[in-house]
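Working notes for the structure below.
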Amino acid sequence: MRESKDFLRTIVEEDLKSGKYKEVITRFPPEPNGFPHIGHAKSICINFGIARDYNGHCNLRMDDTNPTKEDTKYVEALKSAVEWLGFDRGDNVYFTSDNFHKLYDYAIELIKMGKAYVDSTNEEEMRSLRGTVKEAGKRSKYAVRSIEENLDLFAKMKEGEFKDGEHVLRAKIDMGAANMKLRDPLLYRIRHANHFRTGDEWSIYPMYDFAHCLSDYIEGISHSICTLEFENNRDIYNWVLDTLGLELPRPYQHEFARLGINYTVMSKRKLLELVEGGQVSGWDDPRLPTIAGYKRKGYTPESILNFCDQIGIAKANSMVDVSQLEFCIRDDLNKKVPRVMCVINPLKVTIQNYEGTEDIDASYYPHDVPKEGSRKLPFSRELYIERDDFCENPPKGYFRLTPEQPVRIRHGFIISCKEVIKDANGKITEIKAEYYPDSKSGSDTSGIKVKSAIQWLSAKEAKQVEVRLYDRLFSCEAPEGVDDLNPDSLRIIKNAFVEPAVITEKPDERFQFERQGYFYADPIDYTDEKPVFNKIVGLKDSYAKKKKPTQEVVKPASKPQTKKAQVEGEVASMSEAQQLLFDKYTTELKLNAEVANILARDEFLSSFYQEALSALNSPVSIANIVVNEVSKEIKDKQASELKFTSKQIAGLVKMIDDKTISSKIAKQVFEEMAKFGENPSVIVEAKGLIQISDPSIIAPIIDEVIAKNPDNLEKFKAGNTKLLGFFVGQVLKATGGKANPQVVNKLVHEKLN
RNA sequence: UGGGGAUUCGCCAAGUGGUAAGGCACUAGCUUUUGGUGCUAGCAUUCACAGGUUCGAAUCCUGUAUCCCCAUCCA
């Protein structure tokens, strides 16, 4: 597990610790209406990962409540995705449709409670009655139907006596709710459609908001984790479970940000468009961010898992850079995969001073990969090298073969160019070269220094293969649609060559073609007669980067500009009474404008302030506490829920004023007061929080702290003045916060200078 | 009558009053018979902005800005 926990794991740990749940049970609940993509992988990692980390378990559940969109083939894809990623889902796959009968019974219960009704308004009218974000909605006239009538109608809906759209079942919540999801949400709709599992048994189907929470409950889920766009649905989730008065423990919903990756699309709709539009070869097209696509391309499950771990979990919408994913697959394959040679765009090289053939022994793995294995590399008079590895008029910094510069053929000899043969168009067709017999790899006595070693093949023994070069599907970072497609996302090279061992020995299904990238024997199209390799990812190429620095990203406008300019928005004006108060606070009581402003505008705060003031005449200190601390407590609480009184606050301020406690301790005391409502003096006494201001007590503690942190002392002396705060903090920590911070500050300052 | 979230380096992301973690990317140098790998170093005086509270603020308070989600009989 990573050393810093994400917010979900923090919640889970707290819930386990508090005994809210005995066991953590999560679920991964996709709708089987499309192929899972890497966003699902993130969700799988979260749900199964949390279950694994806390010895719980995770259900794979198909959220199959909409028969018109769903299909078994997607169920299979989902199952195999979870398996491929290596998570144990047990033998069981759960289906929401397994609960249809139970859900129906819960709906009836809701009707009996008068909390649900059959609505017969048509779709259009229903929409207009729902209101807008700024206006309340109006309840349907059918909402007044009796329980009996609702029960009867709902039963008939189930029996299939009505056509699609004639009636729906709705929860009776609040048509004026600020959260529009709460404006009497639909629970059931009529759908005369064949469901891939329940067939024609049902003519009504539950909606997500009704089915999901209850399925969670039925399965005993503790933590129902979903993406951010369901935040508004959380209120319905809770309403259903609470209204039904279900036995505890019951699940709670928590939301995280879905994954976005640049240069690709992640929505099911857009993915489907690409598949159906024929822009890609299918759901498993290696250019797609689907799990099937990554698998087909040659990604390993480990690399995806690692990626999900690296990107973390948070609540801010984000767009992860593909390079992070690419790093993960390179990092994984680097440790695992044999290195072989492949020439994609061949250039013939004839070694004029060599006759016959020989085999060169070559390790599959470089010195830094601790794996064993080697193969024979045939060497002969006629070779292929990569066209890019020869240049007649090389730019500065070119390390490969040129008329003047010799090069090593990897694992073999050093060669140098003697003659360049061209056709009528000036295209180079062949290089006449010579080799140095005493330069063989491993026993080189030639003394020739060479700048690089290039891949090569013996022309006669080289095996022809098809190589599929994949690039990003879209050419812009945040693609909108087919217009943004990268025209070169797939290049098929039918006549590339690899060394024979790749085909005959098959040491692996994934390879590093040296200096080119990682490749994968296509699991579908590969045959021994016609081998096909997919490019998984290229190697990092710092030469290519150096070559075209033109791609330099335009730096965003410099910060300092926005730095100075204060963003001035509209500030609501004060009422007359508020203005009066404000004036009194600033002139009479000498409060600063900011504090006075906050106080004057808040009715509760100002009256609370007045009360406290009548108990203790310390206008500024009280105002500060009220504005900064008390206001925190009333943020998400009713004023009546406050545990402390204005008098107690006055008492607290008194202790600060007469220096019994420091303001730091005061915060701590205040927290206790807010929790338990005890008197400040009682808390201070019980916890022994009285401030230590005596330098003779504090000084030795400071010496101790300094002695314990020699490296920081050094840094401080070197000019890192921030560390003053560090030392003060340490001293305060050592005294349990009781040392007078002002005194400590002064003393530390003196000692360090 | 609007509500709910979010904002820390180019991209992710820790951090909840006491030294601004980490990864990717980037930049150098060393290593290297892969322009790969590895190693070393550099990369936020500052946390959207502006005030306030405090000895001390990314963290607490107030205000402002920007982005995302919500008015499917989808999930």
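By convention in this document, chain letters (A, B, ...) are assigned in the order of the sequence lines, proteins followed by strands, and residues within each chain are numbered from 1.
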Legend entry - base_contact_polar (B/G23 base, A/Q324 side chain, donor-acceptor, <3.5 Å): yes

Inset, instruction - Would you indicate what A/H212 reaches in the nucleic acid, counting non-hydrogen atoms under 4.0 angstrom: base, sugar-phosphate, or nothing? - result: nothing

Legend entry - Nearest-angstrom distance from the residue atom CZ of A/R408 to C1' of B/G35: 16 Å

Legend entry - Side-chain N,O (A/N233) to OP1/OP2 (B/A75) below 4.0 Å: no

Inset, instruction - Would you indicate what A/V168 reaches in the nucleic acid, counting non-hydrogen atoms under 4.0 angstrom: base, sugar-phosphate, or nothing? - result: base

Inset, instruction - Ignoring hydrogens and angles, answer whether the base of B/C55 and the side-chain atoms of A/N745 contain a donor-acceptor pair closer than 3.5 Å. - result: yes

Inset, instruction - Could you tell me which nucleotide pairs with B/U54 by Watson-Crick or G-U wobble geometry, both distances under 3.5 Å, or answer none if nothing does? - result: none

Legend entry - Interatomic distance, A/E594 CD vs B/C61 C1' [rounded to whole Å]: 9 Å

Legend entry - P spacing across the pair B/U8 / B/U27, given as an integer number of angstrom: 24 Å

Legend entry - Of the listed nucleotides B/A14, B/U32, B/U19, the one nearest the side chain of A/A314: B/A14

Inset, instruction - Pick base, sugar-phosphate or nothing for A/K722, based on heavy-atom distances below 4.0 Å to the nucleic acid. - result: base

Inset, instruction - Give one of base, sugar-phosphate or nothing for A/K715, where a contact means two heavy atoms less than 4.0 Å apart. - result: base

Inset, instruction - Would you classify A/N624 as touching base, sugar-phosphate or nothing, given that sugar-phosphate means primed atoms plus P, OP1 and OP2, and contacts are heavy atoms under 4.0 Å? - result: sugar-phosphate

Inset, instruction - Rounded off to whole Å, could you give me the CZ-to-P distance for the A/F7 and B/A6 pair? - result: 9 Å

Inset, instruction - Would you classify A/G442 as touching base, sugar-phosphate or nothing, given that sugar-phosphate means primed atoms plus P, OP1 and OP2, and contacts are heavy atoms under 4.0 Å? - result: base

Legend entry - Closest-nucleotide ordering on RNA chain B, the 5'-leading residue of A/G725 and A/D174: A/D174

Inset, instruction - Give me the one residue out of A/N628, A/V627, A/V626 that meets side chain to side chain contact (heavy atoms under 4.5 Å, CB included) with A/V595. - result: A/V627

Legend entry - Candidates B/U37, B/A6, B/C73 - which lies nearest the side chain of A/R191: B/C73

Inset, instruction - Among the candidates B/U19, B/G35, B/A71, find the nucleotide nearest to the side-chain atoms of A/S452. - result: B/G35

Legend entry - pair A/H212-A/N233: side-chain heavy atoms closer than 4.5 Å: no

Inset, instruction - Mind checking A/V728 for me? I need base, sugar-phosphate or nothing, with any heavy atom below 4.0 Å counting as a touch. - result: base

Inset, instruction - Check whether the side chain of A/K545 and the base of B/U27 form a donor-acceptor pair under 3.5 Å. - result: no

Legend entry - Closest to the A/E231 side chain, choosing from B/G36, B/C74, B/G4: B/G4

Inset, instruction - For A/R515 and B/U32, give me the distance from atom CZ to atom P, rounded to whole Å. - result: 18 Å

Legend entry - Pair A/E514 + A/R410: basic N to acidic O under 4.0 Å: yes

Inset, instruction - For nucleotides B/A13 and B/C24, find the distance between their P atoms and express it as a whole number of Å. - result: 16 Å

Inset, instruction - Indicate whether A/Y543 forms a stack on B/G35; treat it as stacked only if centroid distance is below 5.5 angstrom and interplanar angle below 30 degrees. - result: yes

Legend entry - Listed nucleotide nearest any side-chain atom of A/A316, set B/C60, B/U37, B/A6: B/A6

Legend entry - Check: A/R189 and A/N66 side chains under 4.5 Å, non-hydrogen atoms: yes

Inset, instruction - Check whether any side-chain heavy atom of A/Y609 lies under 4.5 Å from a side-chain heavy atom of A/Y585, and answer yes or no. - result: yes

Legend entry - Short side-chain to backbone donor-acceptor contact, A/K371 and A/K336, under 3.5 Å: yes

Legend entry - Base of B/G18 paired with side chain of A/K664 (donor-acceptor, under 3.5 Å): yes

Legend entry - Among B/C12, B/U19, B/G36, the one nearest A/F726 by side-chain distance: B/U19

Inset, instruction - Select base, sugar-phosphate, or nothing to describe what A/G137 touches, counting heavy atoms under 4.0 Å on all strands. - result: nothing

Legend entry - Euclidean distance for C1', B/G15 against B/C47 (whole angstrom): 11 Å

Legend entry - Nearest-angstrom distance from the residue atom CG of A/D235 to C1' of B/C69: 13 Å

Legend entry - A/D216/A/R61 salt bridge by N-O under 4.0 Å criterion: yes

Inset, instruction - May I ask you to say what A/Q742 touches in the nucleic acid, namely base, sugar-phosphate or nothing, with a heavy-atom cut-off under 4.0 Å? - result: sugar-phosphate

Inset, instruction - Check whether more than 12 heavy atoms from other residues, nucleotides or ligands sit under 6.0 Å from atom NZ of A/K315, and answer yes or no. - result: yes

Inset, instruction - Would you kindly check whether a donor in the side chain of A/N232 faces an acceptor in the base of B/G3, or vice versa, at under 3.5 angstrom? - result: yes

Legend entry - Pairing partner (Watson-Crick or G-U wobble, both distances under 3.5 angstrom) of B/G2: B/C70

Legend entry - Of the listed nucleotides B/C70, B/C55, B/A25, the one nearest the side chain of A/K181: B/C70

Legend entry - Among B/C70, B/U19, B/G35, the nucleotide that comes nearest once only the side chain of A/M180 is considered: B/C70

Inset, instruction - Report the nucleotide, chosen from B/U37, B/A75, B/C55, that has the shortest atom-to-atom distance to any side-chain atom of A/N334. - result: B/U37

Legend entry - 5' precedence on RNA chain B between A/Y398 and A/R330 (nearest-nucleotide basis): A/R330

Legend entry - A/D444 side chain to A/Y436 side chain, donor-acceptor N/O pair below 3.5 angstrom: no

Inset, instruction - Would you classify A/K667 as touching base, sugar-phosphate or nothing, given that sugar-phosphate means primed atoms plus P, OP1 and OP2, and contacts are heavy atoms under 4.0 Å? - result: base

Inset, instruction - Indicate, with a heavy-atom threshold strictly under 4.0 Å, whether A/T721 touches base, sugar-phosphate, or nothing. - result: nothing

Inset, instruction - May I ask which nucleotide in the shown strands pairs with B/C49, Watson-Crick or G-U wobble, both distances under 3.5 Å? - result: B/G63

Legend entry - With A/F307, the side chain to side chain contact (heavy atoms under 4.5 Å, CB included) member among A/D332, A/D331, A/I261: A/I261

Legend entry - Between P of B/A25 and CD1 of A/I311, the distance in whole Å: 15 Å

Legend entry - base_contact_polar (B/U34 base, A/Q512 side chain, donor-acceptor, <3.5 Å): yes

Inset, instruction - For A/S662, answer base if it contacts any base atom (sugar-phosphate contacts may also be present), sugar-phosphate if it contacts only those atoms, and nothing otherwise; contact means non-hydrogen atoms under 4.0 Å. - result: nothing

Legend entry - Side-chain-base donor-acceptor pair under 3.5 Å for A/R400 and B/G35: yes

Legend entry - Selected nucleotide, minimal atom distance to A/L732 side chain, candidates B/G52, B/C55, B/C74: B/C55

Legend entry - Partner nucleotide, any strand, of B/A14 [Watson-Crick/G-U, under 3.5 Å]: none

Legend entry - Nearest-angstrom distance from the residue atom CG of A/D321 to P of B/G23: 17 Å

Inset, instruction - Check every strand shown and say whether A/D368 touches a base, only sugar-phosphate, or nothing at a heavy-atom separation below 4.0 Å. - result: base

Inset, instruction - Scan A/V133 against the nucleic acid and name what it touches under 4.0 Å (heavy atoms): base, sugar-phosphate only, or nothing. - result: base

Legend entry - Verify stack between A/F399 ring and B/G35 base, 5.5 Å, 30 degrees: yes

Inset, instruction - Would you state whether a donor and an acceptor, one from the side chain of A/S663 and one from the base of B/U54, lie under 3.5 Å apart? - result: no

Legend entry - Whole angstrom value for the distance that separates P of B/A13 from CD1 of A/I313: 10 Å

Legend entry - B/U46 and B/U7, which share atom name C1', separated by this distance in whole Å: 15 Å

